[in-house]
Amino acid sequence: WADDIDTLRAIYAREAVAGKNGRFEGVCTGFSPGTSALLPDGTVVFSEGSLTYTGPGAEPEGIVKQHALISTNAGRTWRNVVVDAAPVGEPCADCRADYYLGHSSVSSNAAGDLVFAYDAASETFGPQRIYVRRSTDGGLTWSSPTAMSVPGENATAPAIEYAERGWSVFPLHTPVL
């Protein structure tokens, strides 16, 4: 077990390149863990959300950033591309205040096109929506966001996958459009 996030990224990148595991899940060291995609050229892209715990009582405040962490050399080096940044959204009333914050997922198709799904609020402590962005250059640049969930309801924790018939986005909370 590794407790260093860079070591974990390298382990998962090597496994993804070897075809053993394409997911980076369940590890949190200041980032909200997302998923990963392995592109045809061997590039590995992880999705992660980051937030700060500098509010009263060490609660989240400020900006939540969504990151695409990209390695083209099996995890030896990484590029951090900020896909989006949004205010901290609606806190959970009966669980940890950060429970709804900073979730993301990334997936690729056979051509290497990426879709990055994430939750984001438009105002501080407001409800979040699920958004997606697309990339056709290995995650270096991303399209404008497209909302996938209904406004006014808190939508969080998206999962995205590419299958033979196209992209599917699944939120944890709220119906999608």
Side-chain angles (χ1 to χ4, degrees), residues 5 8-9 12 22-37 44-70 78-109 113-136 139-163 166-177:
I5 195 126
L8 288 168
R9 286 187 192 117
Y12 276 87
R23 297 279 174 235
F24 180 66
E25 299 175 4
V27 179
C28 188
T29 58
F31 280 79
S32 179
T35 61
S36 65
V44 178
V45 181
F46 287 108
S47 69
E48 289 189 3
S50 66
L51 53 149
T52 60
Y53 293 87
T54 54
E59 296 294 334
E61 72 173 354
I63 300 297
V64 177
K65 293 181 181 175
Q66 298 294 344
H67 304 263
L69 302 167
I70 304 162
W78 293 91
R79 174 179 276 176
N80 180 4
V81 176
V82 176
V83 176
D84 205 349
V88 166
E90 186 175 313
C92 182
D94 56 355
C95 55
R96 293 186 337 262
D98 64 353
Y99 182 76
Y100 294 135
L101 307 176
H103 304 102
S104 62
S105 182
V106 67
S107 186
S108 64
N109 62 16
D113 300 326
L114 292 160
V115 174
F116 191 105
Y118 59 99
D119 49 33
S122 59
E123 62 185 48
T124 301
F125 302 126
Q128 298 185 119
R129 295 181 75 182
I130 303 295
Y131 295 93
V132 296
R133 289 182 180 236
R134 298 176 187 268
S135 176
T136 58
L140 300 178
T141 62
W142 295 89
S143 68
S144 297
T146 300
M148 300 299 292
S149 59
V150 297
E153 293 185 30
N154 202 34
T156 67
I160 187 161
E161 280 299 325
Y162 183 81
W167 301 98
S168 296
V169 178
F170 306 96
L172 177 62
H173 302 283
T174 205
V176 293
L177 294 174

Q: Considering only residues two or more places apart or on different chains, which pairs with a residue in residues 81-92 satisfy salt bridge (Lys or Arg N to Asp or Glu O under 4.0 Å)?
A: Asp84-Arg133
Q: Of all residues at least two apart in sequence or in a different chain, which pass the side chain to side chain contact (heavy atoms under 4.5 Å, CB included) check with Ala86?
A: Ala120
Q: Is it true that the side chains of His67 and Ser50 contain a donor and an acceptor less than 3.5 Å apart?
A: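 There is such a pair (donor and acceptor under 3.5 Å, judged by atom type) between the side chains of His67 and Ser50.
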Q: As a quick check of understanding, evaluate side-chain contact (heavy atoms from CB on, under 4.5 Å) for Gln66 and Asp119, giving each step before the final call.
A: CA-CA 9 Å; Gln66 298 294 344; Asp119 49 33; 4.1 Å; yes
Q: Can you say whether the rings of Trp78 and Phe46 are parallel (under 30°), tilted (30 to 60°) or perpendicular (over 60°)?
A: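 Trp78 vs Phe46 ring planes: tilted.
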Q: Under the salt bridge (Lys or Arg N to Asp or Glu O under 4.0 Å) rule, what pairs show up with a residue in residues 54-68, not counting sequence neighbours?
A: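 Matches after skipping sequence neighbours: none remain.
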Q: Holding to side chain to side chain donor-acceptor pair (under 3.5 Å), I want the full list of residues that pass it with Thr141, two or more places apart in sequence or in another chain.
A: Asp137
Q: Check side chain to side chain contact (heavy atoms under 4.5 Å, CB included) between Pro91 and all other residues, then give those that pass, not counting sequence neighbours.
A: Ala97, Phe125
Q: Regarding Thr35 and Ser105, do their side chains bring together a donor and an acceptor under 3.5 Å, going by distance alone?
A: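 Their side chains do contain a donor-acceptor pair, which is all the 3.5 Å distance test asks for.
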Q: Would you call Val88 and Ile63 a side-chain contact if the rule is heavy atoms closer than 4.5 Å?
A: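 They are not in contact (no side-chain heavy atoms under 4.5 Å apart), so the answer is no.
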Q: Are the side chains of Leu140 and Ile70 in contact, using a 4.5 Å heavy-atom criterion?
A: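 Yes - at least one pair of side-chain heavy atoms lies under 4.5 Å apart.
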Q: Under the side-chain contact (heavy atoms from CB on, under 4.5 Å) rule, what do Val132 and Tyr118 come out as? Steps first, then yes or no, please.
A: CA-CA 7 Å; Val132 296; Tyr118 59 99; over 6 Å; no
Q: So, using side chain to side chain contact (heavy atoms under 4.5 Å, CB included) as the criterion, who are the partners of Thr124 when residues are at least two apart?
A: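 Side chain to side chain contact (heavy atoms under 4.5 Å, CB included) check on Thr124 returns Pro87.
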Q: So if I apply the side chain to side chain contact (heavy atoms under 4.5 Å, CB included) rule between Tyr100 and each of Cys92, Pro60, Pro127, which one comes out positive?
A: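 Result for side chain to side chain contact (heavy atoms under 4.5 Å, CB included) with Tyr100: Cys92.
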Q: Measure the shortest side-chain to side-chain distance between Pro158 and Met148 over non-hydrogen atoms and say whether it is less than 4.5 angstrom.
A: no
